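In what follows, a single structure is set out as structure tokens and then discussed.
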Amino acid sequence: MTQINNHLVIMAGGVGSRFWPMSTTERPKQFIDVLGTGKTLLQLTVERFGSLVSPDHVWVVTNQAYADIVAEQLPDIPRTNILCEPCRRNTAPCIAYISWRIKASDPKANIVVTPSDHIVTNVQEFQRVISECMKFTSDTDAIVTLGMKPNRPETGYGYIQANLAANSLRNKGIFRVDSFREKPDLETALKYIQQNNYFWNAGIFIWNVHTIVNAFRMYQPTIAKIFESMNKFYDTEREQEVVNERFPECESISVDYAIMEKAEEIFVCPADFGWSDLGTWGSLLLQSKKDLYGNASIGQNISLFESHGCIVHTTQEKKVVIQGLDGYIVAENDDTLLICKLSEEQRIKQFNGES
């Protein structure tokens, strides 16, 4: 059930174009229909929180260049809930800004923060987990992060080491965090998944507004003072002007370094609801339905012959026939067609002229 003080914060300022030619710096992956469902990743993110948060409590923090795209794709949320960063300063200043902004209008707010470009295949389980975590944080000083149960030795994600012997008295499924671990090499990742207390760090956080504001005051006082100084301007006509002036003063730092690795009341909720951050074409292949030969096709009129382990994304009503490819990306958008080995996708920036 939607709770009156529940708020959803979506971080949608990323400018990555890893899914080129579909995504570009003008329209990054969160604003495109990566999965071929008719909905963008941003729209799917809002949709899966539908039973937990009312539209007027959905907030999107993005780049000024994307504000109109967000408004177009999410017409049910108030335009005043689309906040614009004047420059990129990583996740800590972003979260500080939105935390002080929400506190100004709802001092009892209970907040979940999520990226805009992840996918979830088991939405019902996702909603159950988020609901349990929000109940937990609504009346405690705890910070909760979600830990995805790993099913492979993934080197592209950070890990959370949980203390499974120290679960919360309020919720037996939530445990204290022992440590956060950087993205590991393959040998280290193999060691992690052989143990049962290491989880992928999904970058999804749950806390009440007083907890996160006080955490910034304690561990990042310089950032806290910047946003405290703007209290009288939140939800006024001058808000953007003042944010444009003060936001660039913030240190560029992630919330993991700024808060999570310093705070004491940090908990993790292990979860398994078919999660992926869709950072690469390879991750999209892993998450997509495949034929007997391991090929995934997103789009109509696609036929593959004598091909294995390919990801094909052609949604603009062309007939596509592919023969004899093993481990390739085939993707088109408007006047651009990409045919690239999956093993070489890290070179896509080079192929499309990005530095």
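Here the structure is a predicted model, which is why all the values come from computation and not from measurement.
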Identify the heavy atoms of Ala189 and Glu154 that sit nearest to each other, and give their distance.
-> CB-O, 3.9 Å

Stepwise side chain to side chain contact (heavy atoms under 4.5 Å, CB included) check, Leu286 with Ser276 = CA-CA 9 Å; Leu286 283 174; Ser276 172; over 6 Å; no

Could you check if a side-chain atom of Tyr97 sits within less than 4.5 angstrom of a side-chain atom of Tyr234, using non-hydrogen atoms only?
-> yes

Heavy-atom closest pair (Asp33 atom, His313 atom, distance to 0.1 Å) is O-NE2, 3.5 Å

Smallest heavy-atom separation, Ser297 atom then Leu304 atom, equals OG-CD1, 3.2 Å

May I ask you to decide if Ser307's main-chain N or O and Asn295's side chain share a donor-acceptor pair within less than 3.5 Å?
-> yes

Check the hydrophobic clustering (I, L, V, M, F, W, Y; side-chain heavy atoms under 4.5 Å; chains of links allowed) and say if Ile206 and Val268 are grouped together.
-> no

When rounded to the nearest 0.5 angstrom, what is the spacing between CZ in Phe136 and CD1 in Ile174?
-> 5.0 Å

Given Asn333 and Trp20, is the side chain to side chain contact (heavy atoms under 4.5 Å, CB included) satisfied, shown in steps?
-> CA-CA 8 Å; Asn333 184 49; Trp20 185 84; over 6 Å; no

Quick one: does Phe273's side chain get under 4.5 Å of Met148's, heavy atoms only?
-> yes

What about Ile311 and Leu337, same hydrophobic cluster or not, with Ile/Leu/Val/Met/Phe/Trp/Tyr joined at side-chain heavy-atom distances under 4.5 Å?
-> no

Matching residue for Ile298 among Val34, Thr37, Thr314, Leu284 - test: side-chain contact (heavy atoms from CB on, under 4.5 Å) | Leu284

Between Thr280 and Phe19, what is the shortest heavy-atom contact and its length?
-> O-CZ, 3.3 Å

When you measure from the side chain of Gln30 to the backbone N and O of Ala12, does any donor-acceptor pair fall under 3.5 Å?
-> yes

Does Lys341 pair with Asp326 as a salt bridge, N-O distance under 4.0 Å?
-> no

Just by modelled atom types, is the Arg128 backbone N or O under 3.5 Å from a matching donor or acceptor in the Ser131 side chain?
-> no

Using the six-membered ring wherever Trp is involved, compare the ring planes of Tyr192 and Tyr198 and label them parallel, tilted or perpendicular (cut-offs 30° and 60°).
-> parallel

Here the gap from Gln64 atom CD to Ile82 atom CD1, rounded to the nearest 0.5 Å, amounts to 10.5 Å

Set of side chain to side chain donor-acceptor pair (under 3.5 Å) partners for Gln346, sequence neighbours left out = none

Is the number of heavy atoms from other residues, nucleotides or ligands within 6.0 Å of CD (Glu125) greater than 12?
-> yes

Over 60° means perpendicular and under 30° means parallel, so classify the ring planes of His7 and His57, tilted if in between.
-> parallel

Does a sphere of radius 6.0 Å around CD in Gln323 hold more than 12 heavy atoms from other residues, nucleotides or ligands, not counting ones at 6.0 Å or beyond?
-> yes

If you count the non-hydrogen atoms of other residues, nucleotides and ligands that lie under 6.0 Å from CD in Glu237, is the total more than 12?
-> no

Indicate whether the side chain of Thr137 and that of Asn110 have a donor and an acceptor atom separated by less than 3.5 Å.
-> yes

If you count the non-hydrogen atoms of other residues, nucleotides and ligands that lie under 6.0 Å from CD in Glu249, is the total more than 12?
-> yes

Taking every heavy atom of Gly203 against every heavy atom of Pro115, the minimum-distance pair comes out as O-CD, 3.4 Å

Would you say the side chain of Lys149 lies within less than 4.5 Å of the side chain of Phe199, judging by non-hydrogen atoms?
-> yes

Reported CZ-to-CD1 distance for the pair Arg89 and Ile223, which is rounded to 0.5 angstrom | 10.5 Å

4.5 Å side-chain heavy-atom contact, Leu42 and Tyr66 = no

Would you say Glu265's side chain and Asp141's backbone share a donor-acceptor pair under 3.5 angstrom?
-> no

Sub-3.5 Å donor-acceptor pair from the side chain of Ser116 to the main-chain atoms of Met11, do we have one?
-> yes

Distance in Å, Gln287 CD paired with Leu35 CG, rounded so as to fall on 0.5 Å steps | 9.0 Å

Do side-chain atoms of Asp56 reach the backbone of Pro78 as a donor and acceptor pair under 3.5 angstrom?
-> no

Tell me, do Asn90 and Tyr257 make a side-chain contact under 4.5 Å, heavy atoms counted?
-> no

Side chain to side chain contact (heavy atoms under 4.5 Å, CB included) between Ile102 and Val9, intermediate numbers included | CA-CA 10 Å; Ile102 291 174; Val9 172; 3.7 Å; yes

Counting N and O atoms only, with roles assigned by atom type, does the side chain of Glu345 sit under 3.5 Å from a partner on the main chain of Trp281, one being a donor and the other an acceptor?
-> yes

Output yes when a side-chain donor or acceptor of Lys29 lies under 3.5 Å from a complementary backbone atom of Leu278, and no otherwise.
-> yes

Determine, step by step, whether Arg48 and Ile130 satisfy the side chain to side chain contact (heavy atoms under 4.5 Å, CB included) criterion, reporting the C-alpha distance in whole Å, the side-chain angles of both residues, the deciding distance to 0.1 Å, and the verdict.
-> CA-CA 10 Å; Arg48 61 177 167 265; Ile130 294 294; over 6 Å; no

Reported CD1-to-CH2 distance for the pair Ile10 and Trp59, which is rounded to 0.5 angstrom | 12.5 Å

Side-chain donor or acceptor of Asn214 paired with backbone N/O of His210 under 3.5 Å | yes

Would you find a donor on one side and an acceptor on the other, under 3.5 Å apart, between the side chain of Gln43 and the backbone of Gln73?
-> yes

Taking the six-membered ring where the residue is Trp, are the ring centres of Phe227 and Phe216 under 6.0 Å apart?
-> no

Are Glu228 and Lys225 close enough for a salt bridge, meaning some N to O gap below 4.0 Å?
-> no

Using a 4.5 Å cut-off on heavy atoms from C-beta on, say whether the side chain of Phe175 contacts that of Asn163.
-> no

With a 4.5 Å heavy-atom cut-off, do Arg152 and Ile193 have their side chains touching?
-> no

Does one hydrophobic cluster hold both Leu164 and Val144, with members joined at side-chain heavy-atom distances below 4.5 Å?
-> no

Close side-chain approach of Phe31 and Val70, heavy atoms under 4.5 Å | yes

Using only heavy-atom distances, determine whether the side chains of Asp185 and Thr188 contain a donor-acceptor pair under 3.5 Å.
-> yes

Does the side chain of Gln161 pick up a donor-acceptor pair with the side chain of Ser179 at under 3.5 Å?
-> yes

Same cluster or not: are Val60 and Ile69 linked, directly or through other Ile, Leu, Val, Met, Phe, Trp or Tyr residues, by side-chain heavy atoms under 4.5 angstrom apart?
-> yes

Reported CD-to-NZ distance for the pair Gln300 and Lys319, which is rounded to 0.5 angstrom | 11.5 Å

Donor-acceptor side-chain pairing of Asp334 and Gln316 below 3.5 angstrom = yes

Verify the cluster assignment for Leu52 and Leu146: are they in a single hydrophobic cluster under the rule of side-chain heavy atoms below 4.5 Å apart?
-> yes

If every non-hydrogen atom of Gly309 is compared with every non-hydrogen atom of Leu285, which pair is closest and at what distance?
-> O-CD2, 3.8 Å

